[in-house]
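Structure record follows, encoded as structure tokens.
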Amino acid sequence: MEKEQVTRQLARYKETIRAIKKRDGLGSVRLLAERMNYSRGETISEYGSIRHYKPEKFRDFVELLSRVFDVNPDYILNGKGPMFLAKTARGTALPGEMSARELSEK
């Protein structure tokens with residue numbers, strides 16, 4: 001991946017983090033990390049640095065942002081579509097997640 005493409009991804013990532021903090025009233029990345037049950041809040045800031053950029057970890061983290069805050073991963077990774085997706089309906093399992101019924105059966 002070209003450095004310019006990574007730089008654009010990171011700019012969209014930072015823009016999205018700012019928008020999440022503003023939209024959800026979170027004053028810091030530490031509070032954002034708590035909302036995500038993510039143990040290392042400083043890592044959220046580190047992901048915005050080209051020095052710490054690791055493509056697989058970055059994509060995984062963007063997917064987590066997507067599940068928790070309805071962020072459009074295609075916006076951050078490719079610059080396509082809106083920044084946020086429509087909120088998922090309560091009780092609807094995300095792809096790869098088990099429904100409440102499936103969990104109780106286990």
Side-chain angles (χ1 to χ4, degrees):
M1 188 178 303
E2 293 180 21
K3 185 177 180 178
E4 185 178 319
Q5 186 179 4
V6 171
T7 302
R8 286 192 304 259
Q9 275 185 353
L10 296 177
R12 289 188 297 267
Y13 167 77
K14 290 175 191 178
E15 176 188 9
T16 303
I17 293 296
R18 283 191 301 271
I20 291 170
K21 287 171 33 180
K22 183 177 181 181
R23 182 184 80 163
D24 292 0
L26 304 170
S28 68
V29 292
R30 185 183 57 77
L31 294 173
L32 192 142
E34 285 177 14
R35 176 82 58 89
M36 296 170 66
N37 290 328
Y38 198 73
S39 60
R40 293 187 56 212
E42 71 278 1
T43 304
I44 293 173
S45 295
E46 289 174 4
Y47 280 126
S49 168
I50 199 159
R51 242 181 278 142
H52 297 101
Y53 184 82
K54 293 180 179 81
E56 296 81 25
K57 285 188 174 190
F58 185 74
R59 277 193 300 273
D60 291 344
F61 188 75
V62 168
E63 288 298 322
L64 179 60
L65 277 176
S66 176
R67 287 192 304 268
V68 176
F69 294 106
D70 298 311
V71 169
N72 180 1
D74 205 31
Y75 171 78
I76 295 174
L77 299 174
N78 303 312
K80 297 178 182 173
M83 184 182 296
F84 294 101
L85 300 170
K87 293 200 180 262
T88 55
R90 186 166 272 231
T92 302
L94 295 170
E97 288 187 357
M98 287 190 261
S99 68
R101 184 178 55 80
E102 290 171 323
L103 284 172
S104 66
E105 289 174 356
K106 278 201 157 208

- Query: Excluding sequence neighbours, so at least two apart, what forms salt bridge (charged side-chain N to carboxylate O under 4.0 Å, His left out) with D24?
  - Reply: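 Once residues adjacent in sequence are excluded, the partners of D24 under the salt bridge (charged side-chain N to carboxylate O under 4.0 Å, His left out) criterion are R35.
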
- Item | Heavy-atom check, side chain of L32 versus side chain of F69, under 4.5 Å |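 Side chain of L32 against side chain of F69, heavy atoms only: contact under 4.5 Å found.
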
- For residues L64 and R67, determine if any side-chain heavy atom of one lies less than 4.5 Å from a side-chain heavy atom of the other.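 SC-SC contact between L64 and R67 confirmed.
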
- Taking ring-ring contact (aromatic ring centres under 6.0 Å, His included) as the test, write out the residues that go with Y53, two or more places apart.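 Expected list: F58.
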
- Query: Are the side chain of K14 and the backbone of G48 linked by a donor-acceptor contact shorter than 3.5 Å?
  - Reply: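 Answer holds: yes.
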
- Is it true that a side-chain atom of N72 and a backbone atom of F84 form a donor plus acceptor pair closer than 3.5 Å?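 Such a contact is absent between N72 side chain and F84 backbone.
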
- Item | Same apolar cluster: F61 and V68, side chain cutoff 4.5 Å |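 Yes; tracing contacts between hydrophobic side chains, which count when under 4.5 Å, links both residues.
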
- Message: Same cluster or not: L85 versus I76, using hydrophobic residues (I, L, V, M, F, W, Y) connected whenever any side-chain heavy atoms lie under 4.5 Å apart?
- Response: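 Hydrophobic grouping puts L85 apart from I76.
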
- Sort and list the pairs that fulfil salt bridge (charged side-chain N to carboxylate O under 4.0 Å, His left out) and have at least one residue in residues 2-13, not counting sequence neighbours.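 Salt bridge (charged side-chain N to carboxylate O under 4.0 Å, His left out) check on residues 2-13 returns E4-R8.
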
Atom of [X], atom of [Y] and distance for their closest heavy-atom approach:
X	Y	value
I20	L65	CD1-CD2, 4.0 Å
A19	M83	CB-SD, 3.5 Å
V71	S66	O-OG, 3.0 Å

Could you tell me the separation between the [atom1] atom of [X] and the [atom2] atom of [Y], rounded to the nearest 0.5 Å?
X	Y	atom1	atom2	answer
K21	T16	NZ	OG1	12.5 Å
L26	R18	CG	CZ	15.0 Å
Y47	K54	OH	NZ	8.5 Å

- Query: Charged N to carboxylate O below 4.0 Å: is that the case for E63 and R59?
  - Reply: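 No.
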
- Run the side-chain contact (heavy atoms from CB on, under 4.5 Å) check on E15 and Y75 step by step: do they pass? CA-CA 11 Å; E15 176 188 9; Y75 171 78; 2.6 Å; yes

